[in-house]
Undergrad: 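Input: one structure, supplied below.
Quick caveat: nothing in here was measured; it's all calculated off a predicted structure. Throughout, a chain's letter reflects where its sequence line sits, starting with A, and its residues are numbered from 1.
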Number of protein chains: 2
Amino acid sequence: MNISDAAQDSGLPAKTIRYYEEIGLVHPGRLANGYRDYSDQDLHKLRFLQRSRGLGFSIEDCRTLLSLYEDHNRASADVRQIAKAHLDDIDRKIAELKSLQTTLRHLVHQCHGDDRPDCPIIEDLAGPSA
Amino acid sequence: MNISDAAQDSGLPAKTIRYYEEIGLVHPGRLANGYRDYSDQDLHKLRFLQRSRGLGFSIEDCRTLLSLYEDHNRASADVRQIAKAHLDDIDRKIAELKSLQTTLRHLVHQCHGDDRPDCPIIEDLAGPSA
DNA sequence: CTTGACCTTCCTGTCGCTGGAAACTTTATG
DNA sequence: CATAAAGTTTCCAGCGACAGGAAGGTCAAG
């Protein structure tokens, strides 16, 4: 199977699939003409990567997860630990964003937003008016 | 005032301040020895940038906000629009992250996480087991 | 035989810095 | 006064995870 079909099948852009090969995540064979040739196993890997990336795992996490995926003697604890760390990361990011959201919501709410120059947003950004 | 004092005062690393000059956000004067010399106005701008970046505005947004900050004939509507767009962006990001959070939380919860290989997380990443 | 759709590699750009090297000046210490 | 340490300058490289595009080879259809 050539790269555009693999792209279709996995939901990843061809560019991304080539990049994944470059960084050693997949190792498709080559046809006589130099074209990449994706096996069923390669396709499984690509789909796995598409799903993992879709859940926000870093490429390095994906690399580890992929090796665990292929290791039938894996310990589920290893998988869980990676997922848990990622979840904690997401929790932190949400907390940060919520804090920004609260601040910005207040500022946007307070600004009348007309053609006059006085603006609580600018005042806040300018710093403590003290 | 030299760069490390400006860094101290603004809360920005010296490297970042130099970078901001390189991309045209600040234009400090120079002393005879070639050292940068930050005026009060420069310091105001740096503090403004520190606060704006801290609220997650992009550099380009900061550039616009800075020009509005300095334009005493600005329309607050222009400021508000930028802040509102950024807020909408944050709302979207929070929604995305919450969706990932829900999925990951379920998966992490379902995985026993011991030394056995069977793992709902890996199964989910491998795709519809259908 | 030509057209157009593939495929290949290689290089550049994204965003917002951060780290480091090499060379200068200034300040502090012996 | 000499030297060492600290501060400054410029420039160049790298991060993550690709995306865009150029130049060229290959293949299937009409």
Side-chain angles (χ1 to χ4, degrees), chain A residues 1-39 42 45-46 48-66 82 85-86 89-90 93 96-97 100, chain B residues 1-39 42 45-46 48-66 82 85-86 89-90 93 96-97 100:
Chain A
M1 184 178 277
N2 66 18
I3 199 167
S4 61
D5 291 333
Q8 193 72 22
D9 184 274
S10 64
L12 292 168
K15 278 266 181 189
T16 299
I17 296 179
R18 288 195 197 95
Y19 172 68
Y20 286 173
E21 179 177 353
E22 189 186 327
I23 63 174
L25 289 178
V26 278
H27 311 279
R30 297 280 177 149
L31 298 175
N33 58 14
Y35 285 20
R36 289 170 177 84
D37 184 32
Y38 295 87
S39 69
D42 294 328
K45 283 193 182 188
L46 291 176
F48 186 94
L49 288 167
Q50 198 274 338
R51 299 263 313 151
S52 312
R53 291 290 299 137
L55 283 180
F57 286 103
S58 72
I59 289 286
E60 285 318 301
D61 277 352
C62 288
R63 194 188 299 278
T64 309
L65 288 170
L66 201 51
I82 294 172
H86 181 43
D89 220 58
I90 286 175
K93 279 182 187 154
E96 276 178 36
L97 287 176
L100 297 185
Chain B
M1 183 178 272
N2 66 18
I3 198 165
S4 60
D5 292 333
Q8 195 71 22
D9 184 273
S10 65
L12 291 168
K15 277 268 181 189
T16 299
I17 297 178
R18 288 196 197 95
Y19 172 68
Y20 285 174
E21 179 178 354
E22 189 187 326
I23 62 174
L25 289 177
V26 278
H27 310 279
R30 297 280 177 148
L31 298 175
N33 60 12
Y35 285 19
R36 288 170 178 84
D37 184 33
Y38 294 87
S39 69
D42 293 328
K45 282 194 185 188
L46 290 175
F48 186 94
L49 288 167
Q50 198 273 339
R51 297 263 313 148
S52 312
R53 291 288 300 140
L55 283 180
F57 286 103
S58 72
I59 289 285
E60 285 318 301
D61 277 352
C62 289
R63 193 187 300 277
T64 310
L65 288 170
L66 201 50
I82 293 172
H86 181 42
D89 221 57
I90 287 175
K93 278 181 187 156
E96 276 177 37
L97 287 176
L100 297 185

Undergrad: Under 4.5 Å between any side-chain heavy atoms of B:Leu65 and B:Leu49, yes or no?
TA: no
Undergrad: When the distance from CD1 of A:Ile23 to P of D:dC18 is rounded to whole Å, what number comes out?
TA: 7 Å
Undergrad: All N/O contacts under 3.5 Å from nucleotides 7-11 of chain D to the protein, with atom names and distances to one decimal?
TA:
residue	atom	partner	partner atom	Å
D:dG7	N2	B:Tyr35	OH	2.9
D:dT8	OP1	B:Asn2	OD1	3.3
D:dT8	OP1	B:Asn2	ND2	3.1
D:dT8	OP1	B:Ser4	N	3.1
D:dT8	OP1	B:Ser4	OG	2.9
D:dT8	OP2	B:Ser4	OG	3.3
D:dT9	OP1	B:Arg36	N	2.7
D:dT9	OP1	B:Arg36	NH1	3.0
D:dT9	OP2	B:Arg18	NE	3.1
D:dT9	OP2	B:Arg18	NH2	3.1
D:dT9	OP2	B:Arg36	NH1	3.2
D:dT9	O5'	B:Arg36	NH1	3.3
D:dT9	O3'	B:Arg30	NH1	3.4
D:dT10	OP1	B:Arg30	NH1	3.3
D:dT10	OP1	B:Arg30	NH2	3.3
D:dT10	OP2	B:Arg36	NH1	3.1
D:dT10	OP2	B:Arg36	NH2	2.6

Undergrad: So do B:Glu22 and B:Tyr20 actually touch side chain to side chain, heavy atoms under 4.5 Å?
TA: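 They are not in side-chain contact.
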Undergrad: Do A:Leu25 and A:Leu46 make a side-chain contact, defined as non-hydrogen atoms from C-beta onward lying under 4.5 Å apart?
TA: no
Undergrad: In the structure I gave you, are the side-chain heavy atoms of B:Arg36 and B:Arg18 within less than 4.5 Å of one another anywhere?
TA: yes
Undergrad: What I'd like to find out is whether the side chain of B:Arg63 reaches to under 4.5 Å of the side chain of B:Ile23, using heavy atoms alone.
TA: yes
Undergrad: Separation of A:Leu46 atom CG from D:dC18 atom P, in whole Å?
TA: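 It is 12 Å, rounded to the nearest whole Å.
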Undergrad: Between A:Ala32 and A:Tyr20, which residue's closest nucleotide on DNA chain D lies nearer the 5′ terminus?
TA: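 Looking at DNA chain D, the more 5' nearest nucleotide goes with A:Tyr20.
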Undergrad: Quick one: does any side-chain atom of A:His27 pair with a main-chain N or O of A:Glu21 as donor and acceptor, under 3.5 Å?
TA: no
Undergrad: Quick one: B:Tyr19 OH to D:dG14 P, roughly how many Å, whole number?
TA: 18 Å
Undergrad: Answer yes or no: is there a donor N or O on one side and an acceptor on the other, between the side chain of B:Asp42 and the main chain of B:Ser39, under 3.5 Å?
TA: yes
Undergrad: Just the endpoints, please: which first and last nucleotides of DNA chain C, 5' to 3', lie under 4.0 Å from a heavy atom of chain B?
TA: C:dG16 to C:dT26
Undergrad: Can you give me the N/O atom pairs linking the protein to nucleotides 1-3 of chain D at distances under 3.5 Å, or say none if there are none?
TA:
none

Undergrad: Would you find a donor on one side and an acceptor on the other, under 3.5 Å apart, between the side chain of A:Thr16 and the backbone of A:Leu12?
TA: no
Undergrad: Would you confirm whether B:Arg51, through its side chain, and B:Leu55, through its main-chain N or O, come within 3.5 Å as a donor-acceptor pair?
TA: no
Undergrad: Looking at side-chain heavy atoms only, is the closest gap between B:Asp37 and B:Arg30 below 4.5 Å?
TA: no
Undergrad: In whole Å, what is the span from the CG atom of A:Leu12 to the P atom of D:dC18?
TA: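 Going from CG in A:Leu12 over to P in D:dC18 covers 8 Å.
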Undergrad: We want to know whether A:Asp61 and A:Thr64 form a side-chain donor-acceptor pair, criterion being a heavy-atom distance below 3.5 angstrom.
TA: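 Note: A:Asp61 and A:Thr64 side chains miss the donor-acceptor criterion.
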